[in-house]
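As C-alpha coordinates, the structure follows; a few thoughts come after it.
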Number of protein chains: 2
Amino acid sequence: MDKLTATSMFESLASGVRLDIVRLLVGHGREGLVAGEIARKLELPRSNLSFHLKTLTRAGLVTVTQEGRYQRYRADLAAMQDLVAYLTAHCCAAEEGECELSGVETSC
Amino acid sequence: MDKLTATSMFESLASGVRLDIVRLLVGHGREGLVAGEIARKLELPRSNLSFHLKTLTRAGLVTVTQEGRYQRYRADLAAMQDLVAYLTAHCCAAEEGECELSGVETSC
DNA sequence: ACAATGATTCAATAATCGTTGAACCATTGA
DNA sequence: TCAATGGTTCAACGATTATTGAATCATTGT
(Lines give C-alpha, C1' and ligand atoms only; values in the text may rest on other atoms or scores of the structure.)
Protein backbone atom coordinates (compact mmCIF):
# COMPACT_ATOMS: atom_id res chain seq x y z
CA MET A 1 0.00 0.00 0.00
CA ASP A 2 1.40 3.39 -0.97
CA LYS A 3 0.51 6.72 0.53
CA LEU A 4 -1.60 7.89 -2.38
CA THR A 5 -3.80 4.81 -2.17
CA ALA A 6 -4.17 5.20 1.59
CA THR A 7 -5.09 8.86 1.45
CA SER A 8 -7.66 8.34 -1.28
CA MET A 9 -9.20 5.52 0.75
CA PHE A 10 -9.38 7.66 3.86
CA GLU A 11 -10.71 10.53 1.80
CA SER A 12 -13.42 8.22 0.54
CA LEU A 13 -14.41 7.33 4.09
CA ALA A 14 -14.37 10.96 5.19
CA SER A 15 -17.88 11.63 3.90
CA GLY A 16 -20.92 10.72 5.95
CA VAL A 17 -22.77 9.53 2.88
CA ARG A 18 -19.91 7.30 1.69
CA LEU A 19 -19.38 5.95 5.18
CA ASP A 20 -23.05 4.95 5.24
CA ILE A 21 -22.63 3.27 1.87
CA VAL A 22 -19.57 1.29 2.93
CA ARG A 23 -21.10 0.17 6.20
CA LEU A 24 -24.25 -0.86 4.40
CA LEU A 25 -22.22 -2.89 1.94
CA VAL A 26 -20.10 -4.43 4.71
CA GLY A 27 -23.34 -5.65 6.27
CA HIS A 28 -24.31 -7.38 3.05
CA GLY A 29 -21.11 -9.34 2.64
CA ARG A 30 -20.42 -11.25 -0.56
CA GLU A 31 -23.92 -10.69 -1.85
CA GLY A 32 -23.53 -6.94 -1.97
CA LEU A 33 -26.24 -4.63 -3.25
CA VAL A 34 -27.19 -3.14 -6.60
CA ALA A 35 -27.13 0.63 -6.90
CA GLY A 36 -30.88 1.03 -6.84
CA GLU A 37 -31.17 -0.81 -3.53
CA ILE A 38 -28.52 1.43 -1.99
CA ALA A 39 -30.30 4.53 -3.25
CA ARG A 40 -33.59 3.31 -1.79
CA LYS A 41 -32.16 2.37 1.60
CA LEU A 42 -30.19 5.58 2.03
CA GLU A 43 -32.73 7.80 0.25
CA LEU A 44 -30.19 9.36 -2.07
CA PRO A 45 -30.64 10.96 -5.49
CA ARG A 46 -29.31 8.68 -8.21
CA SER A 47 -26.73 11.10 -9.50
CA ASN A 48 -25.36 11.76 -6.06
CA LEU A 49 -25.13 8.06 -5.23
CA SER A 50 -23.38 7.43 -8.51
CA PHE A 51 -20.86 10.14 -7.70
CA HIS A 52 -20.05 8.62 -4.32
CA LEU A 53 -19.92 5.05 -5.62
CA LYS A 54 -17.46 6.13 -8.27
CA THR A 55 -15.29 7.73 -5.63
CA LEU A 56 -15.34 4.57 -3.52
CA THR A 57 -14.63 2.35 -6.50
CA ARG A 58 -11.70 4.44 -7.69
CA ALA A 59 -10.26 4.32 -4.18
CA GLY A 60 -10.55 0.51 -4.20
CA LEU A 61 -12.86 0.21 -1.21
CA VAL A 62 -15.74 -1.27 -3.18
CA THR A 63 -15.96 -3.39 -6.30
CA VAL A 64 -18.59 -3.28 -8.98
CA THR A 65 -19.83 -5.96 -11.36
CA GLN A 66 -22.43 -5.60 -14.04
CA GLU A 67 -25.54 -7.78 -13.92
CA GLY A 68 -27.64 -6.99 -16.93
CA ARG A 69 -28.76 -3.43 -16.47
CA TYR A 70 -27.88 -3.51 -12.78
CA GLN A 71 -24.58 -2.61 -11.18
CA ARG A 72 -23.77 -4.71 -8.12
CA TYR A 73 -21.49 -3.20 -5.50
CA ARG A 74 -19.56 -5.02 -2.79
CA ALA A 75 -17.27 -3.86 0.01
CA ASP A 76 -13.65 -4.93 -0.48
CA LEU A 77 -12.75 -6.15 2.99
CA ALA A 78 -9.22 -7.15 2.02
CA ALA A 79 -8.53 -3.58 0.95
CA MET A 80 -9.76 -2.33 4.34
CA GLN A 81 -7.43 -4.75 6.09
CA ASP A 82 -4.51 -3.48 4.04
CA LEU A 83 -5.47 0.06 4.92
CA VAL A 84 -5.48 -0.65 8.66
CA ALA A 85 -2.16 -2.44 8.35
CA TYR A 86 -0.68 0.57 6.58
CA LEU A 87 -1.96 2.94 9.24
CA THR A 88 -0.58 0.92 12.14
CA ALA A 89 2.65 -0.31 10.58
CA HIS A 90 5.66 -0.08 12.91
CA CYS A 91 3.31 0.35 15.84
CA CYS A 92 5.76 -1.45 18.12
CA ALA A 93 8.98 -0.09 16.74
CA ALA A 94 9.51 1.79 19.98
CA GLU A 95 8.59 -0.86 22.54
CA GLU A 96 9.12 -4.40 21.29
CA GLY A 97 6.62 -7.02 22.31
CA GLU A 98 4.34 -4.48 23.84
CA CYS A 99 1.93 -3.61 21.09
CA GLU A 100 -1.02 -1.63 22.33
CA LEU A 101 -3.14 -2.66 19.42
CA SER A 102 -4.88 -5.87 20.35
CA GLY A 103 -6.81 -7.86 17.80
CA VAL A 104 -5.71 -5.73 14.90
CA GLU A 105 -3.39 -7.18 12.33
CA THR A 106 -0.20 -5.17 12.40
CA SER A 107 3.47 -5.56 11.70
CA CYS A 108 4.06 -6.78 15.24
CA MET B 1 -18.49 5.82 18.16
CA ASP B 2 -20.92 8.03 16.28
CA LYS B 3 -20.84 8.89 12.62
CA LEU B 4 -19.60 12.45 13.14
CA THR B 5 -16.61 11.22 15.11
CA ALA B 6 -15.81 8.58 12.51
CA THR B 7 -16.00 10.96 9.56
CA SER B 8 -13.83 13.56 11.26
CA MET B 9 -11.27 10.86 12.04
CA PHE B 10 -11.24 9.65 8.45
CA GLU B 11 -11.10 13.22 7.23
CA SER B 12 -8.06 13.71 9.43
CA LEU B 13 -6.36 10.73 7.85
CA ALA B 14 -7.27 11.84 4.33
CA SER B 15 -4.32 14.21 4.07
CA GLY B 16 -0.88 12.97 3.11
CA VAL B 17 0.76 15.25 5.64
CA ARG B 18 -1.47 14.16 8.50
CA LEU B 19 -1.11 10.51 7.56
CA ASP B 20 2.67 10.95 7.78
CA ILE B 21 2.28 12.57 11.19
CA VAL B 22 0.08 9.79 12.55
CA ARG B 23 2.33 7.03 11.25
CA LEU B 24 5.36 8.77 12.68
CA LEU B 25 3.65 9.03 16.06
CA VAL B 26 2.49 5.40 15.90
CA GLY B 27 6.12 4.43 15.43
CA HIS B 28 7.08 6.28 18.62
CA GLY B 29 4.52 4.61 20.88
CA ARG B 30 3.96 5.88 24.39
CA GLU B 31 6.93 8.19 24.23
CA GLY B 32 5.47 10.25 21.41
CA LEU B 33 7.21 13.29 19.97
CA VAL B 34 7.21 17.00 20.66
CA ALA B 35 6.03 19.29 17.89
CA GLY B 36 9.48 20.51 16.99
CA GLU B 37 10.76 16.99 16.42
CA ILE B 38 7.83 16.27 14.12
CA ALA B 39 8.45 19.46 12.18
CA ARG B 40 12.12 18.58 11.78
CA LYS B 41 11.52 15.00 10.67
CA LEU B 42 8.80 15.87 8.19
CA GLU B 43 10.32 19.19 7.14
CA LEU B 44 7.13 21.15 7.68
CA PRO B 45 6.61 24.84 8.42
CA ARG B 46 5.62 25.37 12.03
CA SER B 47 2.27 26.96 11.26
CA ASN B 48 1.31 24.22 8.89
CA LEU B 49 2.23 21.47 11.33
CA SER B 50 0.29 23.21 14.06
CA PHE B 51 -2.76 23.36 11.80
CA HIS B 52 -2.60 19.63 11.10
CA LEU B 53 -1.89 18.65 14.69
CA LYS B 54 -4.90 20.64 15.78
CA THR B 55 -7.04 18.83 13.25
CA LEU B 56 -5.78 15.45 14.46
CA THR B 57 -6.26 16.38 18.10
CA ARG B 58 -9.80 17.62 17.59
CA ALA B 59 -10.62 14.39 15.79
CA GLY B 60 -9.28 12.39 18.73
CA LEU B 61 -6.56 10.54 16.86
CA VAL B 62 -3.69 12.10 18.80
CA THR B 63 -3.34 13.46 22.30
CA VAL B 64 -1.26 16.37 23.45
CA THR B 65 0.34 17.14 26.81
CA GLN B 66 2.34 20.16 27.76
CA GLU B 67 5.92 19.75 28.96
CA GLY B 68 7.29 23.12 29.86
CA ARG B 69 7.38 25.02 26.64
CA TYR B 70 7.11 21.85 24.59
CA GLN B 71 3.95 20.16 23.38
CA ARG B 72 4.20 16.37 23.31
CA TYR B 73 1.98 14.51 20.88
CA ARG B 74 1.07 10.81 20.95
CA ALA B 75 -1.05 8.61 18.69
CA ASP B 76 -4.24 7.37 20.35
CA LEU B 77 -4.25 3.72 19.35
CA ALA B 78 -7.45 2.93 21.23
CA ALA B 79 -9.27 5.53 19.15
CA MET B 80 -7.99 3.90 15.97
CA GLN B 81 -9.24 0.53 17.16
CA ASP B 82 -12.65 2.00 17.81
CA LEU B 83 -12.64 3.53 14.36
CA VAL B 84 -11.88 0.20 12.68
CA ALA B 85 -14.57 -1.49 14.76
CA TYR B 86 -17.09 1.13 13.67
CA LEU B 87 -16.16 0.71 10.02
CA THR B 88 -16.47 -3.07 10.06
CA ALA B 89 -19.40 -3.44 12.44
CA HIS B 90 -21.97 -6.00 11.29
CA CYS B 91 -19.46 -7.41 8.84
CA CYS B 92 -20.96 -10.87 9.22
CA ALA B 93 -24.61 -9.95 9.44
CA ALA B 94 -25.16 -11.60 6.08
CA GLU B 95 -23.15 -14.81 6.47
CA GLU B 96 -22.82 -15.94 10.07
CA GLY B 97 -19.53 -17.45 11.14
CA GLU B 98 -17.89 -16.60 7.89
CA CYS B 99 -16.25 -13.29 8.53
CA GLU B 100 -13.88 -12.31 5.80
CA LEU B 101 -11.98 -9.99 8.08
CA SER B 102 -9.28 -12.03 9.78
CA GLY B 103 -7.27 -10.58 12.60
CA VAL B 104 -9.33 -7.45 12.83
CA GLU B 105 -11.47 -6.89 15.87
CA THR B 106 -15.06 -6.79 14.70
CA SER B 107 -18.52 -7.51 15.97
CA CYS B 108 -18.20 -11.15 14.88
C1' DA C 1 -37.78 -0.99 -33.32
C1' DC C 2 -39.49 1.16 -29.25
C1' DA C 3 -40.87 2.23 -24.71
C1' DA C 4 -39.39 1.49 -19.91
C1' DT C 5 -36.07 0.98 -16.45
C1' DG C 6 -31.32 1.35 -14.28
C1' DA C 7 -27.45 4.04 -13.99
C1' DT C 8 -23.85 7.53 -15.28
C1' DT C 9 -22.23 12.02 -17.00
C1' DC C 10 -22.35 16.91 -17.26
C1' DA C 11 -22.43 21.89 -15.89
C1' DA C 12 -23.03 25.13 -12.40
C1' DT C 13 -23.21 26.48 -7.77
C1' DA C 14 -21.99 26.65 -2.88
C1' DA C 15 -19.06 25.29 0.57
C1' DT C 16 -14.87 23.56 2.55
C1' DC C 17 -9.84 22.67 2.96
C1' DG C 18 -4.59 23.47 2.63
C1' DT C 19 -0.78 26.56 2.64
C1' DT C 20 1.92 30.54 3.82
C1' DG C 21 4.35 34.30 6.48
C1' DA C 22 3.69 37.60 9.93
C1' DA C 23 2.07 38.50 14.34
C1' DC C 24 1.21 36.83 18.77
C1' DC C 25 1.41 34.05 23.29
C1' DA C 26 3.98 30.99 26.69
C1' DT C 27 8.01 29.29 28.92
C1' DT C 28 12.86 29.12 29.99
C1' DG C 29 17.32 30.89 31.49
C1' DA C 30 20.61 34.47 32.16
C1' DT D 1 13.25 41.92 33.31
C1' DC D 2 14.70 40.80 28.84
C1' DA D 3 16.18 38.02 25.09
C1' DA D 4 15.64 33.45 23.09
C1' DT D 5 13.07 29.46 21.98
C1' DG D 6 8.76 26.60 21.12
C1' DG D 7 4.25 26.84 19.41
C1' DT D 8 -0.24 28.77 17.99
C1' DT D 9 -3.34 32.05 15.70
C1' DC D 10 -4.70 34.96 11.99
C1' DA D 11 -5.95 36.55 7.25
C1' DA D 12 -5.88 35.71 2.50
C1' DC D 13 -5.42 33.22 -1.43
C1' DG D 14 -5.89 29.13 -4.43
C1' DA D 15 -7.61 24.61 -4.99
C1' DT D 16 -10.66 20.93 -4.17
C1' DT D 17 -15.23 18.75 -3.00
C1' DA D 18 -20.46 17.98 -2.57
C1' DT D 19 -24.88 18.55 -4.50
C1' DT D 20 -28.55 18.93 -7.92
C1' DG D 21 -31.51 18.25 -12.14
C1' DA D 22 -31.28 17.59 -16.95
C1' DA D 23 -29.33 15.07 -20.48
C1' DT D 24 -27.29 10.89 -21.99
C1' DC D 25 -26.07 5.88 -22.38
C1' DA D 26 -27.15 0.84 -21.68
C1' DT D 27 -30.16 -3.03 -21.12
C1' DT D 28 -34.56 -5.44 -21.00
C1' DG D 29 -39.01 -6.99 -22.71
C1' DT D 30 -42.78 -6.59 -25.84
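Residue numbers begin at 1 in each chain, while the letters A, B, ... track the order of the sequences.
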Whole-Å distance separating the [atom1] atom of [X] from the [atom2] atom of [N]:
| X | N | atom1 | atom2 | result |
| --- | --- | --- | --- | --- |
| R40(B) | dT5(D) | CZ | P | 13 Å |
| R46(A) | dT24(D) | CZ | C1' | 15 Å |
| E11(B) | dT17(D) | CD | P | 12 Å |
| N48(A) | dC10(C) | CG | P | 17 Å |
| E37(B) | dT5(D) | CD | C1' | 15 Å |
| L44(B) | dG18(C) | CG | P | 13 Å |
| I21(A) | dA18(D) | CD1 | P | 11 Å |
| F10(A) | dC17(C) | CZ | P | 18 Å |

Hey, is the main chain of [Y] close enough, under 3.5 Å, to the side chain of [X] for a donor-acceptor pair?
| X | Y | value |
| --- | --- | --- |
| S50(B) | R46(B) | no |
| E67(A) | R69(A) | no |
| T88(A) | V84(A) | yes |

*Could you tell me which non-hydrogen atom of R72(B) sits nearest to which non-hydrogen atom of G32(B), and how far apart they are?*
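For R72(B) versus G32(B), the nearest heavy atoms are NH1-O, 3.5 Å.
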*Taking all heavy atoms of M1(A) and all of L83(A), pick out the closest pair and write down the distance.*
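Minimum heavy-atom separation between M1(A) and L83(A): CE-N, 3.6 Å.
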When you get a sec, tell me which of [options] is the closest nucleotide to the side chain of [X]?
| X | options | answer |
| --- | --- | --- |
| V17(A) | dT19(D), dC17(C), dG7(D) | dT19(D) |
| R69(B) | dT17(D), dT19(D), dT27(C) | dT27(C) |
| A35(A) | dT28(D), dT8(C), dA4(D) | dT8(C) |
| F51(B) | dG18(C), dT19(D), dT8(C) | dG18(C) |
| Q66(A) | dG7(D), dT20(D), dA26(D) | dA26(D) |

Phosphate-side-chain proximity, [X] and [N], N/O vs OP1/OP2 below 4.0 Å:
| X | N | result |
| --- | --- | --- |
| Y70(A) | dT8(C) | no |
| R18(A) | dA18(D) | yes |
| Y73(A) | dG6(C) | no |
| K54(A) | dT9(C) | yes |
| H52(A) | dT19(D) | yes |

*Between E67(B) and P45(B), name the one whose nearest nucleotide on DNA chain C is closer to the 5' end.*
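Closer to the 5' end of DNA chain C: P45(B).
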*Please confirm whether any donor atom in the side chain of S50(B) sits under 3.5 Å from an acceptor in the base of dG7(D), or the reverse.*
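Between dG7(D) and S50(B), which were checked side chain against base, a qualifying N/O pair under 3.5 Å is absent.
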*When you match L49(B) and A14(A) each to their closest nucleotide on DNA chain D, which lands nearer the 5' end?*
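Its nucleotide being nearer the 5' end, the pick is L49(B).
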*Steps toward side chain to side chain contact (heavy atoms under 4.5 Å, CB included) verdict (T55(A), E11(A))*: CA-CA 9 Å; T55(A) 301; E11(A) 191 179 328; over 6 Å; no
